[in-house]
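Lettering of chains follows the sequences in order, A, B, ..., and the numbering in each one begins at 1.
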2 protein chains.
Amino acid sequence: MTNAHDVLFRTLSDPTRRAIFERLCREGEQTVGALTAQSGVSQPAVSKHLGVLRQAGLVRDRHEGRQTHYSAQLGALAPLTDWTNQMNAFWQSRFDDLEDLLKRMDQ
Amino acid sequence: MTNAHDVLFRTLSDPTRRAIFERLCREGEQTVGALTAQSGVSQPAVSKHLGVLRQAGLVRDRHEGRQTHYSAQLGALAPLTDWTNQMNAFWQSRFDDLEDLLKRMDQ
DNA sequence: TCAATCAATAGCCGCCGAGTTATCGATCCC
DNA sequence: GGGATCGATAACTCGGCGGCTATTGATTGA
């Protein structure tokens with residue numbers, strides 16, 4: 001049961017790959033060449049990372065002649081925020097419970 | 001430059017480990033034995049995962065006789081929400097720029 | 001037409017991490 | 001004290017993943 005959380009966490013866990021995604025968020029659409037120039041790794045490595053990001057739905061590609069432009073798809077982060085909200089909700093629900101409230105007073 | 005995001009994403013990227021953390025969020029404090037019973041992996045594997053979670057600040061341990069009780073530390077998730085908020089902020093900021101550009105083109 | 005550029009793919013390698021079994025230290029109970 | 005239980009550690013295996021170079025395919029432009 002490999003859900004959306006698995007894919008997102010797994011995809012974003014690599015620093016190089018996450019840096020690429022962050023850059024696309026900051027600066028908008030970028031070509032593979034531009035991304036490679038600042039990534040510190042080879043062009044094939046960047047292409048692989050972009051493939052993983054694309055399969056996770058975090059980026060989309062647009063072909064224009066020889067170049068491929070990639071851009072961030074921020075909506076794909078929704079499951080991530082949902083997950084953290086859910087964890088907080090669990091926490092909150094237990095916190096409302098008197099027994100758990102007392103149990104947590106020593107923290 | 002291994003920041004808090006690296007640690008969090010890396011720690012939560014493993015499904016087994018994330019399941020342990022989720023369970024601690026849902027059900028509160030649990031012993032290693034209880035966590036092992038439902039994890040599907042061996043006790044040493046669970047202990048290792050708990051060690052990783054502890055080093056990431058996501059759980060704390062409390063010793064009581066032979067048993068060790070673990071509980072979730074939800075505050076440690078803050079860098080994660082910060083990160084997603086930041087990504088959204090970048091995207092929003094670029095969207096505002098585009099809006100300004102279009103607004104100026106109208107005039 | 002042909003050289004040059006861009007990005008993707010193939011193929012390979014090395015390492016890290018998640019899993020295992022075995023064991024140890026500590027604690028509980030009889 | 002001695003056996004049993006709990007959890008951490010040791011030592012090892014193995015698969016996957018991130019990196020590389022080399023190559024291919026496609027497109028550009030001289």
Side-chain angles (χ1 to χ4, degrees), chain A residues 1-3 5-24 27-73, chain B residues 1-3 5-24 27-73:
Chain A
M1 54 170 171
T2 169
N3 52 22
H5 305 142
D6 277 282
V7 177
L8 281 186
F9 276 115
R10 181 83 196 82
T11 300
L12 295 171
S13 65
D14 182 72
T16 305
R17 187 160 51 227
R18 196 172 61 254
I20 292 174
F21 178 71
E22 288 180 10
R23 181 146 181 241
L24 289 174
E27 308 176 15
E29 197 178 69
Q30 302 275 326
T31 67
V32 176
L35 292 170
T36 300
Q38 287 294 329
S39 67
V41 295
S42 66
Q43 174 265 313
V46 172
S47 276
K48 254 203 253 184
H49 283 307
L50 289 169
V52 174
L53 286 167
R54 183 164 40 79
Q55 282 209 323
L58 286 166
V59 301
R60 49 176 302 173
D61 56 346
R62 179 175 68 82
H63 299 281
E64 184 181 340
R66 286 180 300 186
Q67 348 203 45
T68 310
H69 300 259
Y70 282 87
S71 53
Q73 294 286 105
Chain B
M1 169 166 163
T2 169
N3 52 23
H5 305 143
D6 277 281
V7 177
L8 280 186
F9 277 115
R10 179 60 70 187
T11 300
L12 294 171
S13 65
D14 181 73
T16 304
R17 187 159 52 227
R18 196 172 62 254
I20 291 174
F21 178 72
E22 288 180 11
R23 183 148 179 238
L24 289 174
E27 308 175 16
E29 198 179 68
Q30 302 275 327
T31 67
V32 176
L35 292 170
T36 300
Q38 287 294 329
S39 67
V41 294
S42 66
Q43 174 266 313
V46 172
S47 276
K48 256 202 254 183
H49 283 307
L50 289 169
V52 175
L53 287 167
R54 183 164 40 78
Q55 281 207 326
L58 287 166
V59 302
R60 351 177 355 137
D61 55 347
R62 180 176 67 82
H63 298 280
E64 183 181 339
R66 285 181 299 185
Q67 345 205 46
T68 310
H69 299 260
Y70 283 88
S71 54
Q73 294 287 105

**Message:** Quick check for you: to the nearest 0.5 Å, what is the distance between A:D61 atom CG and A:L53 atom CG?
**Reply:**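 A:D61 atom CG to A:L53 atom CG measures 11.5 Å (nearest 0.5 Å).
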**Request:** Give a yes or no on whether a salt bridge exists between B:D14 and A:R10, defined as a side-chain N under 4.0 angstrom from a carboxylate O.
**Result:**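 Salt bridge between B:D14 and A:R10, a charged N being under 4.0 Å from a carboxylate O: no.
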Given side chains that start at C-beta, do those of [X] and [Y] come closer than 4.5 Å, heavy atoms only?
{"X": "B:V59", "Y": "B:I20", "answer": "no"}
{"X": "B:R54", "Y": "B:R60", "answer": "no"}
{"X": "B:T68", "Y": "B:R62", "answer": "no"}
{"X": "B:V32", "Y": "B:S47", "answer": "yes"}
{"X": "A:R23", "Y": "A:L35", "answer": "yes"}

**Message:** Less than 4.0 angstrom between a side-chain N/O of B:S42 and OP1 or OP2 of C:dG19, yes or no?
**Reply:**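 So the side chain of B:S42 is outside the cut-off, no N or O lying under 4.0 Å from OP1 or OP2 of C:dG19.
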**Prompt:** B:H69 and B:Q30: side-chain donor and acceptor closer than 3.5 Å?
**Reply:** no
**Quiz item: B:K48 side-chain donor-acceptor pair to C:dG19 base, under 3.5 Å** = yes
**Message:** On DNA chain D, compare the nucleotides closest to A:A45 and B:A45; which residue's is nearer the 5' end?
**Reply:** B:A45
Between [X] ([atom1]) and [N] ([atom2]), how many Å, whole number?
{"X": "A:L50", "N": "C:dA7", "atom1": "CG", "atom2": "C1'", "answer": "10 Å"}
{"X": "B:R62", "N": "C:dT27", "atom1": "CZ", "atom2": "C1'", "answer": "16 Å"}
{"X": "A:R10", "N": "D:dG15", "atom1": "CZ", "atom2": "C1'", "answer": "12 Å"}
{"X": "A:D6", "N": "C:dA18", "atom1": "CG", "atom2": "C1'", "answer": "15 Å"}
{"X": "A:L35", "N": "C:dA8", "atom1": "CG", "atom2": "P", "answer": "10 Å"}
{"X": "B:H49", "N": "C:dC16", "atom1": "NE2", "atom2": "C1'", "answer": "14 Å"}
{"X": "B:D61", "N": "C:dA26", "atom1": "CG", "atom2": "C1'", "answer": "15 Å"}

**Prompt:** Considering only D:dG19, C:dT9, D:dT9, which nucleotide approaches the side chain of A:T16 most closely?
**Reply:** D:dG19
**Prompt:** Across the strands shown, which category fits A:R54 at heavy-atom distances under 4.0 angstrom: base, sugar-phosphate, nothing?
**Reply:** nothing
**Fill in**
Here the helical stems involving DNA chain C, each at least 3 consecutive Watson-Crick or G-U pairs closer than 3.5 Å, sorted by first residue number, are C:1-30 with D:1-30
**Request:** Sugar-phosphate means primed atoms, P, OP1 and OP2; the rest is base. With that split, encode nucleotides 2-7 of chain D 5' to 3' as B, S or - using protein heavy atoms under 4.0 Å.
**Result:** --BBSB
